[in-house]
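Remarks on the structure that follows.
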Amino acid sequence: MLPIDAAAHGSRWRRRHPVDKAVLGLGLTVLAVSLPPWPGAALVLVAALSLLLGPAGVPGRRLWRAYRVPLGFCVTGALTLLVQVGGPGGFVSLAGDGPVRAAELLLRTSAASLGVLLFAFTTPMSDLLPRPVRAGVPAPVVDVALVTYRMSFLLLDSVRRVRDAQAARLGHTSRAAEWRSLAGLGATAFVRAFDRAARLQAGLAGRGYDGTLRVLVPEARVSVRFTTASCALLAALAVLTFVLERPLT
């Protein structure tokens, strides 16, 4: 199980309906993208961070480990706005408004990432994936997503076991050994993936699979109070943004 999924299973909001958390988390993401970067995205970032570390109860270290990957992409994308190609300054030169544009992009993307993480850290995929069928999504599409999600963990576990076995046999002692181990790891993972897929198909056929995977979904109801409070928070952030709006200079 991935760390972020393990954290979602232990979240304080684990028993809440996914719609409740989608309104809040994805609503923050939409605000981060649509509102002015300053102070809108900054307010969304602070609100999402406060919710994650406060009511949602996500440990700070675990949040940082998950957040640093999208944050790295945010920083990389923002750095490209600091320079311009061509023009009177030469082939590559500093952009005149580069720092401002880079800061705006970094605020937007980092705040939007936190909004998505708020939903991910509080909603296990096992709770989310079976529910779209009730909303009209074709059952085979949901079944493929469920099987792919399950197979991904099995594949990651196989890769970890193979790497541990290679390390125990001194397969990482030199660069040449690393490359040989990497090639063997890829080949073994490929073969095991097909083997597990064939075993899964045989197991489903033996259990009378008729095109629909029936799984137990935890009972949960949409909380009118929680959803109303989320909408009030989103509206307050939007109003506060337009009240405090100033150009980022």
Side-chain angles (χ1 to χ4, degrees), residues 1-15 18 21 25 49 52-53 56-77 109-110 113-132 140-207 209 213-218:
M1 183 178 293
L2 295 176
I4 191 170
D5 204 56
H9 278 279
S11 171
R12 296 175 185 171
W13 291 351
R14 163 73 167 80
R15 299 301 176 184
K21 296 169 282 190
L49 193 61
L52 279 163
L53 299 177
V58 178
R61 181 174 298 181
R62 185 168 290 181
L63 174 61
W64 168 245
R65 291 184 63 183
Y67 185 49
R68 63 187 179 184
V69 176
L71 183 61
F73 284 99
C74 297
V75 173
T76 303
T109 53
S110 57
S113 299
L114 279 177
V116 175
L117 286 177
L118 176 61
F119 181 72
F121 265 107
T122 56
T123 310
M125 292 297 292
S126 58
D127 289 354
L128 178 64
L129 285 177
R131 298 183 188 274
V141 175
V142 178
D143 291 347
V144 170
L146 281 169
V147 172
T148 302
Y149 177 70
R150 174 59 180 163
M151 289 293 294
S152 64
F153 290 110
L154 296 176
L155 183 60
L156 288 174
D157 181 66
S158 297
V159 169
R160 181 185 61 81
R161 291 175 181 270
V162 173
R163 284 189 61 86
D164 290 343
Q166 290 175 340
R169 292 168 174 78
L170 304 180
H172 302 153
T173 55
S174 64
R175 180 168 297 181
E178 284 277 1
W179 283 109
R180 286 195 299 269
S181 297
L182 182 61
L185 175 63
T188 303
F190 182 79
V191 172
R192 287 193 177 186
F194 272 86
D195 178 64
R196 287 185 179 274
R199 289 162 59 188
L200 176 62
Q201 182 179 8
L204 289 174
R207 290 167 174 80
Y209 177 64
L213 290 174
R214 295 172 177 83
V215 297
L216 294 177
V217 181

- Query: Thr122 and Ala56: which non-hydrogen atoms are nearest, and at how many Å?
  - Reply: CG2-CB, 3.9 Å
- Value rounded to 0.5 Å, distance of CZ in Arg65 from CZ in Arg61: 9.0 Å
- Smallest heavy-atom separation, Ala167 atom then His172 atom, equals CB-ND1, 3.9 Å
- Note on the structure: When every non-hydrogen atom of Gln166 is compared with those of Gly184, the smallest separation belongs to NE2-C, 4.1 Å
- Item | Verdict with supporting geometry, Trp64 and Leu71, side-chain contact (heavy atoms from CB on, under 4.5 Å) | CA-CA 10 Å; Trp64 168 245; Leu71 183 61; 3.8 Å; yes
- Query: Which value, rounded to the nearest 0.5 Å, describes the distance between Thr188 atom OG1 and Asp195 atom CG?
  - Reply: 12.0 Å
- Query: Is the side chain of Arg62 donor-acceptor paired with the backbone N or O of Val58 at a distance under 3.5 Å, no angle test?
  - Reply: no
- Heavy-atom closest pair, residues Trp13 and Lys21: O-NZ, 3.1 Å
- Message: Quick one, Tyr67 and Ser113 - any side-chain contact, counting heavy atoms below 4.5 Å?
- Response: yes
- Message: Please find the pair of heavy atoms, one from Ala189 and one from Leu155, that lie closest to each other, and give the distance.
- Response: O-CD1, 3.8 Å
- Item | Carboxylate-amine/guanidinium proximity below 4.0 Å for Arg161 and Asp164 | no
- Task: Could you pull out the closest heavy-atom pair between Leu53 and Gly60, with the gap in Å?
- Result: CD2-CA, 3.8 Å
- Is the CZ atom of Arg160 crowded by more than 12 outside heavy atoms at less than 6.0 Å? yes
